[in-house]
Amino acid sequence: MIENARAAKFSIGQVVRHRIYAFRGVIFDVDPVFDNTEEWWQSIPEDIRPSKDQPFYHLFAENDETEYVAYVSEQNLLPDDSDEPLRHPQISEFFGTRDGDVYVARDRSLN
């Protein structure tokens, strides 16, 4: 168990949006604390650089122009209850149906 880890506020399959930037997505993995490169963390402008001792989320993310994978700190996420559909092509690989603001994970153990 990681000493400084705290319980994640969001869960796998939940639809979220970024607090500052205009993108949203669905969570497909959670790190209890920062688990990316120092270079990546240092590339974030210092005035908005998040603390490392919080959960970080892997998202199938999208904005108006494109779809991508994002790595976002908990402090920068908000629930997205817009019911707007998501178009990211990888969502269907991990998730089946959508129930409100949550995608239901596929049973991937049958492969």
Side-chain angles (χ1 to χ4, degrees):
M1 177 92 187
I2 300 171
E3 282 183 40
N4 293 331
R6 65 175 190 246
K9 180 178 176 182
F10 302 105
S11 58
I12 291 175
Q14 188 169 359
V15 180
V16 292
R17 63 184 172 88
H18 197 279
R19 183 176 62 85
I20 299 169
Y21 301 111
F23 73 85
R24 53 197 290 270
V26 60
I27 297 167
F28 70 90
D29 197 11
V30 182
D31 294 334
V33 293
F34 180 80
D35 191 24
N36 204 332
T37 66
E38 186 68 18
E39 180 182 41
W40 182 91
W41 190 72
Q42 291 289 340
S43 73
I44 300 168
E46 191 172 354
D47 60 330
I48 61 168
R49 190 177 299 149
S51 167
K52 292 181 180 180
D53 65 348
Q54 62 182 310
F56 276 73
Y57 299 84
H58 300 261
L59 308 179
F60 293 130
E62 59 190 57
N63 59 29
D64 289 341
E65 291 90 40
T66 191
E67 300 85 33
Y68 52 97
V69 172
Y71 191 64
V72 185
S73 64
E74 185 169 272
Q75 75 186 53
N76 284 321
L77 290 177
L78 297 168
D80 181 279
D81 55 6
S82 69
D83 290 329
E84 293 287 322
L86 289 163
R87 65 183 187 276
H88 196 292
Q90 288 180 281
I91 291 173
S92 63
E93 295 174 27
F94 283 75
F95 301 101
T97 60
R98 182 173 172 174
D99 184 10
D101 68 346
V102 176
Y103 280 86
V104 179
R106 290 189 180 281
D107 183 356
R108 297 172 58 90
S109 64
L110 301 176
N111 293 346

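FYI, side chains are in, hydrogens and waters are out, and symmetry mates aren't considered; it's all heavy atoms of this structure.
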Problem set entry | Minimum-distance pair of heavy atoms, taken over all atoms of T37 and F34 | O-CZ, 3.4 Å
For this session: Evaluate whether atom CD of E39 has more than 12 neighbouring non-hydrogen atoms of other residues, nucleotides or ligands under 6.0 angstrom away.
Result: no
Exercise. Passes salt bridge (Lys or Arg N to Asp or Glu O under 4.0 Å), E84 versus R17? Steps please.
Worked result: CA-CA 12 Å; E84 293 287 322; R17 63 184 172 88; over 6 Å; no
Exercise. Which heavy atom of A61 sits nearest a heavy atom of H88, and at what distance?
Worked result: O-CD2, 3.2 Å
Exercise. Should V26 and V69 be regarded as members of a common hydrophobic cluster, given that ILVMFWY residues are connected when their side-chain heavy atoms come within less than 4.5 Å of each other, either directly or indirectly?
Worked result: yes
For this session: Would you indicate whether the side-chain heavy atoms of P55 and V33 approach each other to under 4.5 Å?
Result: no
Problem set entry | Partner set under side-chain contact (heavy atoms from CB on, under 4.5 Å) for N63, not counting sequence neighbours | F23, E65, T66, Y68
Exercise. Do you know which two heavy atoms are closest between V72 and H18, and how far apart they sit?
Worked result: CG1-CD2, 3.7 Å
Problem set entry | side-chain contact (heavy atoms from CB on, under 4.5 Å) partners of I12, counting only residues at least two apart | I27, V30, F95
Problem set entry | Contacts of type side chain to side chain donor-acceptor pair (under 3.5 Å), residue S51, not counting sequence neighbours | D53
Exercise. Got F28 and Y103 here, is their nearest side-chain heavy-atom distance under 4.5 Å?
Worked result: no
Problem set entry | Those residues that, when tested against V102, pass side-chain contact (heavy atoms from CB on, under 4.5 Å) (two or more places apart) | none
Problem set entry | L59 side chain reached by V16 side chain, heavy atoms, under 4.5 Å | yes
Exercise. Are F94 and V104 connected in a single hydrophobic cluster, I mean Ile/Leu/Val/Met/Phe/Trp/Tyr linked by side-chain heavy atoms less than 4.5 Å apart?
Worked result: no
Seminar exercise, completed: Taken in chain and number order and not counting sequence neighbours, the residues that satisfy side-chain contact (heavy atoms from CB on, under 4.5 Å) with E46 are R49
Problem set entry | Euclidean distance, D29 CG relative to F60 CZ, rounded to 0.5 Å | 9.5 Å
Exercise. How about D47: does its CG atom have over 12 heavy atoms from other parts shown lying under 6.0 Å from it?
Worked result: yes
Problem set entry | Results of side chain to side chain donor-acceptor pair (under 3.5 Å) for Y71 - residues two or more places apart only | D31
Seminar exercise, completed: Nearest heavy-atom approach of L86 to G25 is CD1-C, 4.0 Å
For this session: For Q14, check side chain to side chain donor-acceptor pair (under 3.5 Å) against everything at least two apart and list the hits.
Result: none
Please table the atom pairs, donor to acceptor, closer than 3.5 Å between any side-chain atom in residues 73-81 and protein atoms at least two apart or in another chain.
{"from": "S73", "atom 1": "OG", "to": "N76", "atom 2": "ND2", "distance (Å)": "3.1"}
{"from": "E74", "atom 1": "OE1", "to": "K9", "atom 2": "N", "distance (Å)": "2.7"}
{"from": "E74", "atom 1": "OE1", "to": "Y57", "atom 2": "OH", "distance (Å)": "2.5"}
{"from": "E74", "atom 1": "OE2", "to": "R6", "atom 2": "NH2", "distance (Å)": "3.4"}
{"from": "Q75", "atom 1": "OE1", "to": "Q54", "atom 2": "NE2", "distance (Å)": "2.8"}
{"from": "N76", "atom 1": "OD1", "to": "R19", "atom 2": "NE", "distance (Å)": "3.4"}
{"from": "N76", "atom 1": "OD1", "to": "R19", "atom 2": "NH2", "distance (Å)": "2.9"}
{"from": "D80", "atom 1": "OD1", "to": "R24", "atom 2": "NH2", "distance (Å)": "3.1"}
{"from": "D80", "atom 1": "OD1", "to": "S82", "atom 2": "N", "distance (Å)": "3.2"}
{"from": "D80", "atom 1": "OD1", "to": "S82", "atom 2": "OG", "distance (Å)": "2.7"}
{"from": "D80", "atom 1": "OD2", "to": "R24", "atom 2": "NE", "distance (Å)": "3.3"}

